[in-house]
S.K.: 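Would you mind keeping the following structure in view while I ask a few things?
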There are 2 protein chains.
Amino acid sequence: MDTATRDRWLEHASQRMTAAGLRAGAARTAVVETLAREGQCLLTAAEIADRLRGASAGSIATVYRVVDELSELGLLHRYDGRDGVARFEIADPDHHHHHVVDEATGAVEPFADDELERAIAGVAARLGYELTGHDVVLRGRRRGG
Amino acid sequence: MDTATRDRWLEHASQRMTAAGLRAGAARTAVVETLAREGQCLLTAAEIADRLRGASAGSIATVYRVVDELSELGLLHRYDGRDGVARFEIADPDHHHHHVVDEATGAVEPFADDELERAIAGVAARLGYELTGHDVVLRGRRRGG
DNA sequence: TTATATGCAAAAGCTTTGCATGGGT
DNA sequence: ACCCATGCAAAGCTTTTGCATATAA
């Protein structure tokens, strides 16, 4: 993820948070900046807290509170994997994507696919739903190398 | 889900379990039959245990052990929602489907879509993955009524 | 008979909450 | 000044694990 995208998201997040009446506290700001820095990469609350501790502070409780707020505002995507740990990453409308998990290594790779998105939109229309979100997770093994 | 489908799955499950060296204990059998009876419907471990208690027994620990075994054998699909509770349902290759969650009511509706499946297969091929599974969850609000 | 299945209870996570304190506006 | 944000500790959950007993094969 490039700097421009990250900065754009930071700007957007700042506006949304202000509009929502959220103050720019030290911990909240640090969580937001950490998520922006990691970009298109899923982080657990514990991983975010670890990165904050490197700087100054960050209690796990606050991290959970902040990621909940941000998710509520649509600023984060949340993924709940099979290991019972929630993971978060910034939601950038210009970089919409999903993930494929390599079951051999556990590695997570992002991907985007227009045809998949069209198919999902088609399903929603057919079923009569107005979509607010959707998750796609592929699991498999990488062929070749 | 019709009786024939349920019976077919039960037969299939029985064979796979025997082949895997699993014995037909009371609790395991009861869990399998409960899942078959519910068919195309997601159940939590606690919900399964509740249904067992109505009959005779069923400890939550055993339920977790059984659904893990069955998932490992590919006999169950597992969904991890945002509430941190895993849900299970029988995996019938002839009734492959996904789910759409109505955010207003929390209702979960199954659906199947060939175009969506084709898109997913296409993505996997493009990325060079041999898929072992995939999840799609749509979230939205039902239009009209 | 022998290894597996089961239940109970305890432990192990992750996540949330209460409360007192610190900090933004 | 006022109210929100934060940290700590404790509580709440789901899920896993240890161990003794019961049971399928």
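Order of the sequence lines sets the chain letters (A, B, ...), proteins ahead of strands, with each chain counted from 1. The structure displayed is predicted, hence computed values, not measured ones.
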S.K.: Report the residues that fulfil side chain to side chain donor-acceptor pair (under 3.5 Å) with Arg141(A), sequence neighbours left out, ordered by chain and then residue number.
M.R.: none

S.K.: Would you please name every residue forming a side chain to side chain contact (heavy atoms under 4.5 Å, CB included) with Asp94(A), sequence neighbours left out?
M.R.: Arg8(A), Asp92(A)

S.K.: Mind checking ring pair (Phe, Tyr, Trp, His ring centres under 6.0 Å) for His77(A) and listing every partner two or more places apart, or none if nothing turns up?
M.R.: none

S.K.: I need the single residue from Asp135(A), Leu138(A), Val137(A), Leu116(A) that forms a side chain to side chain contact (heavy atoms under 4.5 Å, CB included) with His98(A). Which is it?
M.R.: Leu116(A)

S.K.: Using atom CZ of Arg28(B) as one end and atom P of dG7(C) as the other, report the distance to the nearest whole Å.
M.R.: 11 Å

S.K.: Show me, pair by pair, the donor-acceptor contacts under 3.5 angstrom made by side chains of residues 16-25 of chain A, not counting sequence neighbours?
M.R.:
{"residue": "Arg16(A)", "atom": "NH2", "partner": "Leu73(A)", "partner atom": "O", "Å": "2.8"}
{"residue": "Thr18(A)", "atom": "OG1", "partner": "Ser14(A)", "partner atom": "O", "Å": "2.9"}

S.K.: Whole Å only: how far is the CG atom of Asp80(A) from the P atom of dT15(D)?
M.R.: 12 Å

S.K.: To the nearest Å, how far apart are Glu47(B) CD and dT15(D) C1'?
M.R.: 15 Å

S.K.: Would you give a per-nucleotide map of nucleotides 16-25 of chain D, 5' to 3', where B means the base has a protein non-hydrogen atom under 4.0 Å away, S means only the sugar-phosphate does, and - means neither?
M.R.: BBB-----BS

S.K.: Answer with base, sugar-phosphate or nothing: what part of the nucleic acid does Ala86(B) contact at a heavy-atom distance below 4.0 Å?
M.R.: sugar-phosphate

S.K.: How many whole angstroms separate atom CD of Glu69(B) from atom P of dT15(D)?
M.R.: 16 Å

S.K.: The criterion is ring pair (Phe, Tyr, Trp, His ring centres under 6.0 Å); which residues satisfy it with Tyr79(A), sequence neighbours excluded?
M.R.: His99(A)

S.K.: Could you tell me how far apart Asp83(B) (CG) and dG12(D) (P) are, to the nearest whole angstrom?
M.R.: 19 Å

